[in-house]
Protein chains: 4
Amino acid sequence: MSEERAEPGTQEPEEAKDRPRRRQARGERRIAQLLEAAASVFCTTGYTAASTNAIAREAGVSPGTLYQFFPNKEAIAIELGSRLMHEMRETYGEALAPVDPATPLEEAIGAAVDRFIAFNCERPEFFALMHGPDIPGRVAEQHDALHATLLNRIEGLLASLLPDRPPADITRVAQVSLGVYKAGLELVLAHEGAERDAYVQEIKDVLIRYLEPMSAGTRRDHPWIHTP
Amino acid sequence: MSEERAEPGTQEPEEAKDRPRRRQARGERRIAQLLEAAASVFCTTGYTAASTNAIAREAGVSPGTLYQFFPNKEAIAIELGSRLMHEMRETYGEALAPVDPATPLEEAIGAAVDRFIAFNCERPEFFALMHGPDIPGRVAEQHDALHATLLNRIEGLLASLLPDRPPADITRVAQVSLGVYKAGLELVLAHEGAERDAYVQEIKDVLIRYLEPMSAGTRRDHPWIHTP
Amino acid sequence: MSEERAEPGTQEPEEAKDRPRRRQARGERRIAQLLEAAASVFCTTGYTAASTNAIAREAGVSPGTLYQFFPNKEAIAIELGSRLMHEMRETYGEALAPVDPATPLEEAIGAAVDRFIAFNCERPEFFALMHGPDIPGRVAEQHDALHATLLNRIEGLLASLLPDRPPADITRVAQVSLGVYKAGLELVLAHEGAERDAYVQEIKDVLIRYLEPMSAGTRRDHPWIHTP
Amino acid sequence: MSEERAEPGTQEPEEAKDRPRRRQARGERRIAQLLEAAASVFCTTGYTAASTNAIAREAGVSPGTLYQFFPNKEAIAIELGSRLMHEMRETYGEALAPVDPATPLEEAIGAAVDRFIAFNCERPEFFALMHGPDIPGRVAEQHDALHATLLNRIEGLLASLLPDRPPADITRVAQVSLGVYKAGLELVLAHEGAERDAYVQEIKDVLIRYLEPMSAGTRRDHPWIHTP
DNA sequence: GATGAATGAGGATTCATTCAT
DNA sequence: TATGAATGAATCCTCATTCAT
C-alpha cells in the first residue's frame with residue numbers, strides 16, 4: 001500500500017497534495033450527490049420513513065454505491081447534519097455565538113432567530129433531521145449529535161446572557177429554548193408570506209419574554225425580577 | 001378477559017335491543033383491549049415503528065381481529081386520540097376551558113399546565129400520538145384530529161383571556177402555545193424528580209411570560225406594557 | 001385468548017382434542033411442506049448456501065409465510081434435524097442403542113452402520129445438516145443439536161461396549177467414531193452400486209478394528225490385549 | 001498462474017528477462033500478500049463466508065487489484081491450496097511419500113500423521129480449504145485440486161504399504177484414510193493440550209488398526225501385537 | 001366474530017465482479 | 001498496475017393487509 005506511492009506520478013505533478021484524492025474526487029461528488037438526495041428524501045418523507053434505496057434512487061445510483069460511502073442510514077443523517085452545522089456556521093456566521101453583554105436582548109435574540117429561521121427555510125432538511133423516530137426517552141444518535149451541537153451553542157449564547165446562573169440552569173434554559181425554537185420552526189415552515197413572518201415574530205416574543213426576566217438583574221435594572 | 005363469562009346465553013328474547021348490545025359489548029371490550037395494547041405499543045416503539053401485528057399480539061388477538069375493528073393503523077391512532085381527549089376532559093375537567101377573566105393569568109396557566117402534564121404523565125401514549133412521522137407540511141390525519149381538538153380548546157381558553165384579539169391572532173397564539181407545550185412536555189417526560197418539576201416550572205414561565213403582555217391591557221393595569 | 005375455547009364448537013364434536021389444532025392443520029401442513037422444501041434445498045446447495053427465499057420458492061409459498069413458522073434459517077435446520085432424529089429412531093429402531101454385551105462387536109457395529117447408512121441414503125438432507133459452515137472452533141447451533149444428539153447416542157452405545165472406560169475416554173472415542181462415520185458417509189453418498197457397498201464395508205472395518213481392541217478385555221478373552 | 005507474466009512486452013528487446021522480472025517481482029509480492037490475507041480470512045470466517053473484498057482489505061489493496069491477479073474467489077483458494085501443498089512437501093519432506101516396506105506400519109503412520117498434524121496446526125488455512133460449501137456429490141474445484149493432490153500422495157504411500165492390492169482398492173483405502181484424517185483433524189483442532197494429544201493418538205490408532213490387517217500378510221509376519 | 005395463514009412488495013445490507021481513471 | 005467507484009442481483013427479514021375457514 002505504501003510502496004506504490006513511490007512512483008512519481010508523471011501525469012499531474014502540479015497538484016501534489018490532491019494526488020491521494022484524485023480518485024476520491026468522483027467519490028466526493030457522489031457523497032455530495034447522495035447527501036443532497038438524502039436531504040430531499042428526508043424532507044419529503046421524514047427521516048424515519050426514508051429508505052436507503054429511495055435515497056440511492058434519488059441520487060441516481062445503485063444501493064451498493066450508497067453503501068460504499070455510508071455504512072447505514074444513520075451515518076447519512078449524521079454526515080448531513082454535520083455538514084449542515086458547518087454550513088450554518090459559515091453562511092450565517094456566529095448566529096448563536098456568545099454576544100456582547102451590552103447587546104440588547106431583543107436584538108440578540110431577534111438576530112439569532114432570524115438567521116436560524118433563514119437557514120432552516122433554505123435548508124429544510126435541517127428540520128427533518130431534528131425529528132427522528134422519537135420515543136421520549138430513546139433518542140437516536142444522529143439526533144443526538146445535531147441536538148447536542150445546537151444545545152452547546154445555545155448554552156454558550158445563554159452563558160453570555162445569563163452569566164450568573166449555575167450551569168444546570170443554563171442547560172435547562174437552553175433545552176427549553178431549543179424546544180421552543182423547534183416548535184416554532186415547525187409552525188414557520190408550515191406557513192408562508194405574512195403568516196410566516198407573524199410566526200417568526202411570535203417565536204421571538206416567546207423567547208425574549210422568556211429570557212428577559214432572567215437577564216434582567218445582570219444586564220439592566222428591571223423592577224420585575226422574577227426568578228423561580 | 002374474564003367478564004365475557006357474564007353473557008347470559010340465549011334465553012331472553014324479549015329485549016331485542018339488548019341482544020345487539022351484548023354483541024356490541026364484546027366488541028367494545030375488544031376495541032378497548034386493542035386500544036390499550038396500541039397505547040402500550042405506541043409508547044414503547046413510537047407510532048411509526050409500531051406494527052399492527054405487534055398491537056394485535058399485545059392485545060392477545062389475531063391480526064384479523066384487529067382489522068375487524070379498525071380499517072388500518074391510522075384509525076387506531078385516531079380512535080385512541082379521540083378517547084384520550086375525552087378522558088382528559090372527563091378526568092381533569094375543563095383544564096383548558098375558558099376561564100373567568102378575573103382569574104390571575106399565572107393561576108390559569110399554571111393550573112392548565114399542571115393538569116395537562118399530569119394527564120400526559122399518566123397517559124404517555126398521548127404524547128406518542130402527537131409525534132407521528134412528521135413532515136413539516138404534511139401532517140397525518142390522526143395527528144390532525146388530536147391537534148385540531150387541542151387547538152380548539154386552547155383557542156377557547158385564549159379567547160377568554162384575550163377577548164379583543166382577532167381570531168387569526170388567537171389561532172396563531174394557540175398554535176404557538178401548543179407548540180411550546182409539546183416541546184416542554186418532551187423535556188418533562190425526559191426527566192424525573194426535581195428536574196422534571198423544574199422543567200414544568202419552566203414551561204409555565206414561558207407561557208405566562210408569553211401571554212401575560214397580551215392580556216395585560218385587557219385584564220389589568222400592568223406597568224410593564226410590552227408590545228412588540 | 002383462552003375464553004373463546006369455551007364455545008362448544010358445533011361442527012365436529014367427536015374430535016375434541018383436535019379442536020385447538022383445527023386451524024393449525026393448514027399450518028402443520030405448511031410446516032411439513034417447508035421442511036421438505038428445506039431438505040431439498042439443503043441437499044442441492046448445502047446448508048450454508050441455502051437461502052430462505054429459495055426454500056420458500058421451493059415450497060411454493062411467499063417468504064413471509066416461511067417466516068410465520070420459522071424465525072430464521074437456523075430454526076428450520078434445527079426443526080428439520082430434530083424431526084430427522086425422531087424419524088431415525090422410529091424407523092430404524094434403536095440402531096444406536098446400547099447393546100447386549102454378548103453381541104459380537106462386528107455384529108453390533110455392522111448393524112448400526114447399516115441402519116445408519118440406510119437412513120442417510122434415504123434422507124440425504126441429514127448429511128447436509130451435519131455440514132454447516134464450519135470453522136473449526138465455531139460450531140453453529142443446529143449443528144450442535146444434531147451433533148450432540150448423535151454423540152449422546154453413540155456414547156450410550158459405546159458405554160455398553162466399553163464398560164470400564166472413563167467417561168472422558170468414552171466421549172473421545174465417540175467423537176472419533178462419529179467423525180469417522182461422517183467422513184465415511186460422505187464417501188458412501190458419493191458412490192453408487194458396488195463401489196458404495198465397498199465403502200460401507202470399509203467404514204465397518206475402520207470402526208470395528210478401531211473399537212475391537214478396546215472392548216477386547218471386557219468382552220471376551222483375546223490374546224491381543226490392548227489398552228492404551 | 002504466475003508464468004503468464006513472462007510475456008516480454010514490446011519495449012525492451014535486449015534485456016527481455018530482466019524488466020518483466022522486476023514487474024513479476026512486484027506481482028509476486030502482491031500475490032503472496034493476497035494469499036496471506038486470504039489464508040487469514042479463510043481461517044477466520046471459513047471459505048464460504050470469506051468475501052473477496054475482505055481479502056483485499058486484509059491485504060491492504062483494492063478489490064480491483066485482487067482481480068488483476070485472480071479471476072475469482074475460487075482461483076485464490078486453488079492457488080493457496082497449491083502453495084500449501086508445496087510448502088508442506090518442502091517443509092515436512094516426504095511425510096506422505098512411499099516408504100521402505102521394512103518400516104514398521106506404526107512408525108510410518110505415526111510419522112505421517114504427526115507431520116501432517118503439525119503442518120495443519122501451523123497452517124490452519126489448510127483445513128479451512130478442505131471445508132468448502134460441500135454438497136455430497138458436487139465438490140468444488142479448489143477442493144478437488146487439494147483433495148486430489150492429497151489423495152495422490154496417500155495412494156503413493158499406500159501403494160508402498162500394500163503392494164499387492166489392486167489400484168481400485170488402493171484408491172478406496174486412500175479415500176477412507178483421508179476422510180478419517182480430515183475428521184480427526186477437525187477434532188484435533190477443536191481441542192488443546194493433553195486432549196489434543198489424545199485425539200492425535202486416537203487418529204493414529206484408527207489408521208493403524210485400519211491398515212494393519214491389510215499390510216499384515218504382505219509385509220511381514222506380525223502376530224499383530226500392537227502397542228501404541 | 002375470530003382465527004391464523006398468506007401475501008408480496010419493500011426494508012437494509014452484502015458481495016463478486018467490472019470499469020473508468 | 002493500482003485504485004476505488006459502481007453495479008445489481010441476492011441476502012434475510014418485516015409488515016400492513018387480506019382471506020379461507
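Excluded from the calculations below are hydrogen atoms, water molecules and symmetry mates; all remaining heavy atoms, backbone and side chain alike, are included.
- As a whole-Å value, the separation of B:Arg30 CZ from E:dG1 C1' is 9 Å.
- Within 4.0 Å of C:Ala54, counting heavy atoms only, lies no atom of the nucleic acid at all.
- Nucleotide E:dT3 holds its P atom 10 Å from the CG atom of B:Leu34, rounded to whole Å.
- A:Glu28 places its CD atom 18 Å from the P atom of E:dT21, with the value rounded to the nearest Å.
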So which protein N/O to nucleotides 17-19 of chain F N/O distances come out below 3.5 Å?
residue: F:dT17; atom: OP2; partner: B:Tyr67; partner atom: OH; Å: 2.9
residue: F:dT17; atom: OP2; partner: B:Lys73; partner atom: N; Å: 3.4

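- Formation of a donor-acceptor pair under 3.5 Å by the C:Thr45 side chain with backbone atoms of C:Val41 is found in this model.
- For the pair A:Leu66 CG and F:dG8 P, the computed distance is 15 Å after rounding to whole Å.
- In this structure, the side chain to side chain contact (heavy atoms under 4.5 Å, CB included) partners of A:Ala75, at least two apart in sequence or on a different chain, are A:Phe70, A:Pro71, A:Asn72.
- Residues passing the salt bridge (Lys or Arg N to Asp or Glu O under 4.0 Å) test with A:Glu125, sequence neighbours excluded: A:Arg123.
- E:dA2 atom C1' lies 14 Å from atom CD1 of B:Ile31, rounded to whole Å.
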Inset, instruction - Taking Watson-Crick and G-U wobble pairs with both distances under 3.5 Å, convert DNA chain F into its dot-bracket string, 5' to 3', dots for unpaired and | for cross-strand pairs. - result: .||||||||||||||||||||
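- For the side chain to side chain contact (heavy atoms under 4.5 Å, CB included) test, no residue two or more places apart in sequence or in another chain qualifies with C:Gln68.
- Judged as a side-chain hydrogen bond (donor to acceptor under 3.5 Å, both in side chains), and not counting sequence neighbours, D:Glu36 has no contacts.
- Counting only heavy atoms from C-beta on, A:Arg57 has its side chain closest to E:dG11 among E:dT3, E:dG11, F:dA5.
- Here C:Ala50 lies in heavy-atom contact (under 4.0 Å) with sugar-phosphate atoms only.
- Residues forming a side-chain hydrogen bond (donor to acceptor under 3.5 Å, both in side chains) with A:Ser82 (at least two apart in sequence, or on another chain): none.
- Between B:Thr65 and E:dG1 there is no side-chain polar atom (N or O) within less than 4.0 angstrom of OP1 or OP2.
- A:Phe70 has its CZ atom 15 Å from the C1' atom of F:dA6, to the nearest Å.
- Counting any heavy atom pair closer than 4.0 Å across all strands shown, C:Ser51 reaches sugar-phosphate atoms only and no base atom.
- The backbone N or O of D:Ser40 sits less than 3.5 Å from a side-chain atom of D:Thr44, completing a donor-acceptor pair.
- At the phosphate of F:dT7, OP1 or OP2 sits under 4.0 Å from a side-chain N or O atom of A:Ser62.
- Between A:Ile55 atom CD1 and E:dG11 atom P the separation is 11 Å, expressed in whole Å.
- Shown here are the side chain to side chain contact (heavy atoms under 4.5 Å, CB included) partners of D:Arg57, two or more places apart in sequence or in another chain: D:Asn53, D:Ala54.
- Note on B:Phe69: only backbone sugar-phosphate atoms sit closer than 4.0 angstrom, heavy atoms only; bases stay farther off.
- Listed by chain and residue number, nothing satisfies the side-chain hydrogen bond (donor to acceptor under 3.5 Å, both in side chains) test with B:Ser51 (two or more places apart in sequence, or in another chain).
- Taking atom CD of C:Gln68 as the reference point, atom P of E:dT7 lies 10 Å away to the nearest angstrom.
- Within the cation-pi definition used here (under 6.0 Å to the ring centroid, within 45° of the axis), A:Lys73 qualifies as a partner of A:Tyr47.
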